[in-house]
Participant: 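Take this structure first; my questions come after.
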Amino acid sequence: MTQLPDSNYKAPDGPQKYIGKAVKRVEDPRFITGQGHYTDDINVHGQLHAAMLRSPYAHAKIGQIDASAALALKGVHAVLTGQDLADAKVGSIPTGWLLPDLKIPPHPAIAHGEVHYVGDIVAVVIAESRALAEDAVALIEVDLEPLDAVSLGSQALAQGAAEVHPEAPGNVAFNWEIGDAAAADELFKQADHVVSLKIRNHRLVPNAIEPRASLAQYQRSSEEFTLHTTSQNPHIHRLMLAAFVLGIPEHKLRVISPDVGGGFGSKIFQYPEEVIVLFAAKKLNRPVKWAARRSESFVSDMQGRDHESEAQLALSKDGKMLALKVDTIANMGAYLTTFAPAVPTYLYGTLLNGVYKFGAVHAKVTGVFTNTVPVDAYRGAGRPEATYLVERIVSKAASELGMDAAEIRRKNFIQPEDFPYQTPVALVYDSGNYEPALDKALGMLGYQDLLKEQAEGRKNGRYIGIGFSTYVEACGLAPSALVGQLGAQAGQWESAVVRVMPTGKIEVLTGSHSHGQGHETTFAQIAAEEFGIPMEDVVIVHGDTGKMPFGWGTYGSRSAAVGGSALKMALGRIKDKATKIAAHLLEAAPEDIEVADGQFKVKGVPEGGKSFFDVALMAHLAHNLPEGMEPGLEAQYMYDPKNFVYPFGTHIAVVELDADTGHVKMIKYVCVDDCGPLINPLVVEGQVHGGIAQGFGQAILEETVYDEEGNMLTGSFMEYSMPRAEDLPMFEIDHTVTPSPHNPLGVKGIGESGTIASTAAVANAVNDALRAFGHHHVDMPFTPEKVWRAMKGGVQDLGQAADD
Amino acid sequence: MSLVPVTININGTPTPAQVEPRMLLVQFLRDELELTGTHVGCDTSQCGACTVSLNGEAVKSCTLFAVQADGMDVQTIEGIGSMDDLHPIQAAFWEQHGLQCGFCTPGMIMASAEIIRRNPDPSEEEIREQLGGNFCRCTGYHNIVKAISSAAAVMREKGAEAGQAADD
Amino acid sequence: MSPHTFQGSNIVAAPRARVWAMLQDPAVLARIVPGLTDAIQDGENQMRAVLNVNVGPVKGRFKTIVRVLEAQPPAQMDLEVEGKTITGTALLHTQMTFTDLGESTRVDWVASPRLSGLLAGVGGKLIESKARDGSAGQRYADRFFGRLSQEA
Amino acid sequence: MYTTPFDYHRAVNLDDALKMLADNPDAKLLAGGHSLIPTMKLRLASPSALIDISALDELRGIRTDGDMLILGAGVTHAELLYDKTVAEYAPLMPDMARWVGDPMVRNRGTVGGVVAHADPAADYPAGLLTLGASFKLKSAGGERVVGVDDYFKGMFETALQEGEIVTEIHIPRQAGKGAYEKFRHPASHYAIVGVAALASPEGVKVAMTGAGPKAVRLTQVEQAIGSDLSDENIKSATENAVDAGSLLSDRFASAEYRAHLAGVLAKRALMRVK
């Protein structure tokens, strides 16, 4: 492969020793033996426990709080209320992404004056044991005067709807638009066919299996705080807690996220409980810990999705897509949290172009406050919503026009020679080649045979559906200057420190964070590859602001593309310096030195090289270094990418409907993803598997339901359906490889692709099966009763009732 | 509330303790004995992260009070195998990439042991059905199912070898 | 409005005025409401009490507030019973209409339970479904009005 | 996660348990605990004492008495699923037990617990109705045997009086094929609807659980079937055979849908017993 134009990616010249190999994960031994070290596993001397009194009402005025009975229990140290935080001038939990005219109501860690959703914290008990803290919570008397509440985005915009915050009249948080409306209108006039779609992308609960937990310690002598917390990005937590909320000098706060049991976005954000334990630890001069119960997680972890959209697609009569118009109401919940405003805008609106050549795309998004748990990034964050909409309307178009769902896509693909491709909605796609992925997937599926089987089945009352999702996604947000212009209160670069020790062992510090993605393996593969040294000689350190100077963490599939690239660049610096030292020791010119299998050698001279250990030792002894060279062998690199990366691929789901009951069984799932070169195929495929399951979960099983008064009716695993092993088939996975020209590894993210693609694929499959009953569109989630009713017929475009 | 004396045989070690009746077995393991490999993922007995073996049968340690285990044998993830001597199921989860964040993994492994105990040669369908009490949010179960299949095969082989050795 | 309204009708062996008077007296209510204890008048139209519940796996003493929302003596009364738990609130709205039958009184009642907070999510199966069991509502009413007749 | 505090009593034998129960009406019996403990964790149940009967030998054991299969109330779902005697005497029981919870729940949860608890979405009541089971109930004052038709009264309501314990489940030897079909809630795995069918020499019996406040016999289906288990008759006897009027309706499944499912499951169960 040749170097791509305008590229800092260089394909490897020869076979690689570690990169591209399915290396077993180095972190696994501790997990499989029960030695994983999660936040709630940590207990420290003198530790107290916090328990939260949460609002049972979606909206209420807080009256008198009588904590006397709770405080009278032996072992209860304090009961904290919103007033305590206000008196101490604790700041509001900040929003990290600002849009023009954004309304940001105050978000105190403990509600003050009013509660705004079921689960909002009203008071906190700090006690000797968790059991005692929970006993005491039950004794607090609070007068809550229920106020009118609203839970659905479109209802919050209706005339006379309950007002969530006085700061946001009409419950509008923001109005946002992208694309050329006039150009789109012009193309709609020329259209032969217009497809309309009304959908709800329903709300989900992330449900990482590890509930959130936080443990705060305060050292009075040094005024230093340590916070162990379940975080995907400890530096962001430190920054926000220090600069905006608690006013702790940043260098006096150390945030550690040890092993983290899954995140899927839900552990990005700054949460009230972290503020509370830090505040209480200083106030009581004792360590304070809080760990969520699952029933708390359901009403306190930020939730995902929740869009109501209307879209129109303009097509010519031969199936060429001309333009797309989208109008979306995004339910933000009760407060704007860390990334919330970016999710339905820059991560959603900008991806509405999909993989197609549109003349114009226009999107309008209204962000709305409701009395529900706040909504923020959840695996895919905006991109699954965009992909569901685009891929659903394209399949609906095929259905209405009587075209093959694969062929209508192929006909409209952006072509390989079009890259870099400027879409009508701001993004510039880096590289892509969409047809080979589609063809490969069709081949794996045996598409033509399956179509015959489907047709045959329909005659006999067997309803098979085939659903496509030819997706593209934009991940590894970048560059910092651009995201800053768009409203981010954060940079989007990543850092790596490579510290070579005198014995040649390498410590890699990264600002990325693994909560299941396997950084300790893949990052070690990158580092070991650079010098050909054993992987065991590399250790990856992450998740501790006390060790790593700075970093922006892991979300938006950025670890490999941005964090991995930072590592690659830092390794380059080490290699440069080490090469110079080796050249000096070997009395050769640096250009003549090559490194392989941990040996520095003069090119063409097989004997007498210097080992990596020799060079590392000399770097530290500094007995014989090139003139003027600084001793030591350590490098840091802050890598700010030039662009997002754009993974793509084809996912195909095959489902079968139970004609008697409406139960949907997924019988086959095939996908071909292109995330550039694979660092570790085992890890990549694992990410895809999990992503598919989550997208399938949304399409078929998962649904967060609120009643009109803002009560969540699906607040436990008894009601909220999580995908189980029995719900899924084995997945058939393959890849194409189109490197990104924008980063030195050529890699694109893969953490979210599965979810971004699969929801649409599964939904399209169910709809394909329901075509036999005269439907062009039935909205997800495809609960058995809904599918049964659709099969009974008589309902066209069966949408989701407001609160069904 | 008075404490109740119990002696629970934990991973082969008789362990005397005084426990509050309301302490769940999982809390006893985690908070009193620092056996933190057993996790708590829910409060309604669905997720299976807390699965341990009680007198040889897999149970959910979040739905059992520690006092109820008095006099019984409890085996946890820490007791099923160690880094020096991995249980075949542990080895298979590693080999097949049957875990990502690792949080559900101890419960998955203990539940897998139960599946193989009940049926040494489970089909893919049986494995999926029998995993109904364990949630994993990371892996999509694909590699977990593979891991259990392959562990069962290894254990059958070992069992056959052991049987042969005994016959000899 | 609750989607799970249930209703029924009972005859109480007492004149309408007497029935009305009894229902205003916390002491009487404490005797006739199954499971109600520690009833105290708390303001003009409000009573605090403890309700002992034992339904399926649910068993406990729940702090309860009974509010008279609207009274048209002696023909109609709207009550709200609010039970508080750590996981949320159970609210029962009841409307009773009293028809004078001379020596006895017919009470037509409509009740609609509603759960809020975590209880709505986690307690649904345990409590809400019970409330949907129409015959259970009638059985409970039979006990209540039976005791009321005895009291009279 | 924590329940309210309670006194724990491990019963040394049944008489001890009955005495403790008589002495403390505020106590709850603890057997498998899979309904009670989650409810206690949510603090919706806060009994002052628990009487642990989970380790009582008197409640264990599977035996036969002539043509009667006798299950101790403490027999677990897993025992039902794997026991040879049960498979021989009442194969419908394991056909239901496999649907209960998951392997861990089955190892701990008991048949007596299900009978005492009378959850409307429990599986066994359907099969027990078709099998004509009866239950031995003991109290400090004596014991009695109640037939299944008189036992289940309503949602969480049974013939059990205060101070009584279910000690045995009596199941007449199953004559003819039995089958249980279930449509479960995808989250809780409880029955949205479950239907058991039994084709015995005395006739075909069909019973439904999950759909209403308590398990009931589907007498209209039974009458329509008579003894004609032909495909056509099964289809016509089960189609639209269940009236939605008295059924539960919730967010996940309306009464109409439950009624439809009951017909579908009755058809499937009957197809298996023919």
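Here is the naming used below: chain letters follow the sequence lines, and residue numbers restart at 1 for every chain. All of these numbers come straight from a predicted model, not from anything done at the bench.
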Participant: Residue by residue, scan residues 137-153 of chain B and write down, ordered by number, those that have a heavy-atom distance under 4.5 Å to chain A; if none do, write 'none'.
Facilitator: Arg137(B), Cys138(B), Thr139(B), Gly140(B), Tyr141(B), His142(B), Asn143(B), Val145(B), Lys146(B)

Participant: Give the member of Gln90(B), Glu78(B), Arg128(B), Gln96(B) that has the highest number of heavy-atom pairs under 4.5 Å with chain A.
Facilitator: Arg128(B)

Participant: Please give me the minimum heavy-atom distance between Phe31(A) and Leu99(B), naming the atom from each residue.
Facilitator: CB-CD1, 3.5 Å

Participant: Begin with the C-alpha distance, continue with both residues' side-chain angles, and end with the deciding distance and a verdict on side-chain contact (heavy atoms from CB on, under 4.5 Å) for Glu210(A) and His39(B).
Facilitator: CA-CA 8 Å; Glu210(A) 179 204 24; His39(B) 296 148; over 6 Å; no

Participant: Tell me if the CD atom of Glu124(B) is crowded by more than 12 foreign heavy atoms within 6.0 Å.
Facilitator: yes

Participant: Salt bridge between Asp31(B) and Arg130(A), side-chain N to carboxylate O under 4.0 Å?
Facilitator: no

Participant: Carefully, step by step, assess Ile32(A) and Ile89(B) under the rule side-chain contact (heavy atoms from CB on, under 4.5 Å).
Facilitator: CA-CA 9 Å; Ile32(A) 56 178; Ile89(B) 300 172; over 6 Å; no

Participant: Is the number of heavy atoms from other residues, nucleotides or ligands under 6.0 Å of Glu125(B) CD greater than 12?
Facilitator: no

Participant: Run the ring-centre check on Phe717(A) versus Phe135(B) and record whether the distance is less than 6.0 Å.
Facilitator: yes

Participant: What's the shortest heavy-atom distance between Ser82(B) and Thr33(A), and which atoms?
Facilitator: C-CG2, 4.1 Å

Participant: The criterion is salt bridge (charged side-chain N to carboxylate O under 4.0 Å, His left out); which residues satisfy it with Arg212(A), sequence neighbours excluded?
Facilitator: Glu273(A), Asp301(A)

Participant: What heavy-atom pair brings His515(A) and Cys101(B) nearest, and what distance separates the two atoms?
Facilitator: O-CB, 3.4 Å

Participant: At a 4.5 Å cut-off on heavy atoms, which part of Asp41(A) comes close to chain B: side chain, backbone, both, or neither?
Facilitator: both

Participant: Return yes when atom NZ of Lys665(A) has more than 12 non-hydrogen atoms of other residues, nucleotides or ligands closer than 6.0 Å, and no otherwise.
Facilitator: yes

Participant: Minimum heavy-atom separation for Arg30(B) to Asp40(A), with atom names?
Facilitator: NH2-O, 3.0 Å

Participant: CG/Asp43(B) to CZ/Arg293(A) distance, rounded to the nearest 0.5 angstrom?
Facilitator: 5.5 Å

Participant: Rounded to the nearest 0.5 Å, how far does CD of Gln35(A) lie from CG of Leu35(B)?
Facilitator: 9.0 Å

Participant: Under a 4.5 Å heavy-atom cutoff, which of Glu726(A), His689(A), Gln687(A) has the most pairs with chain B?
Facilitator: His689(A)

Participant: Give the member of Ala693(A), Ala131(A), Gly36(A) that has the highest number of heavy-atom pairs under 4.5 Å with chain B.
Facilitator: Ala131(A)

Participant: Measure distances from Glu95(B) to the heavy atoms of chain A and classify the residue's part below 4.5 Å as side chain, backbone, both or neither.
Facilitator: both

Participant: Under 4.5 Å from any heavy atom of chain B, what part of Phe264(A) do you find: side chain, backbone, both or neither?
Facilitator: side chain

Participant: Relative to chain A, which of Ala91(B), Gly81(B), Gly37(B), Gly102(B) shows the most heavy atom pairs under 4.5 Å?
Facilitator: Gly102(B)

Participant: Is Gln46(B) in contact with chain A via its backbone, its side chain, both, or neither, using a 4.5 Å heavy-atom distance?
Facilitator: side chain

Participant: What part of Tyr38(A) is in contact with chain B, defined as an atom under 4.5 angstrom from a non-hydrogen atom: side chain, backbone, both or neither?
Facilitator: side chain

Participant: If you count heavy-atom pairs within less than 4.5 Å of chain B, which of Asn43(A), Val683(A), Ile692(A) leads?
Facilitator: Val683(A)

Participant: Please give me the minimum heavy-atom distance between Thr44(B) and Ser716(A), naming the atom from each residue.
Facilitator: CG2-CB, 4.3 Å

Participant: Using non-hydrogen atoms and a limit below 4.5 Å, what part of residues 111-122 of chain B faces chain A?
Facilitator: none

Participant: How long is the gap from CD on Gln100(B) to CD on Gln517(A), to the nearest 0.5 Å?
Facilitator: 8.0 Å

Participant: Count the heavy-atom pairs under 4.5 Å between each of Ala725(A), Pro729(A), Gly263(A), Gly262(A) and chain B, then report the option with the highest count.
Facilitator: Ala725(A)

Participant: From Glu20(B) CD over to Ser129(A) OG, what is the distance, rounded to the nearest 0.5 angstrom?
Facilitator: 7.0 Å

Participant: At a 4.5 Å cut-off on heavy atoms, which part of Leu86(B) comes close to chain A: side chain, backbone, both, or neither?
Facilitator: side chain

Participant: Which residues, numbered in order, of residues 22-29 of chain A come under 4.5 angstrom of chain B by heavy-atom distance?
Facilitator: Lys24(A), Arg25(A), Asp28(A), Pro29(A)

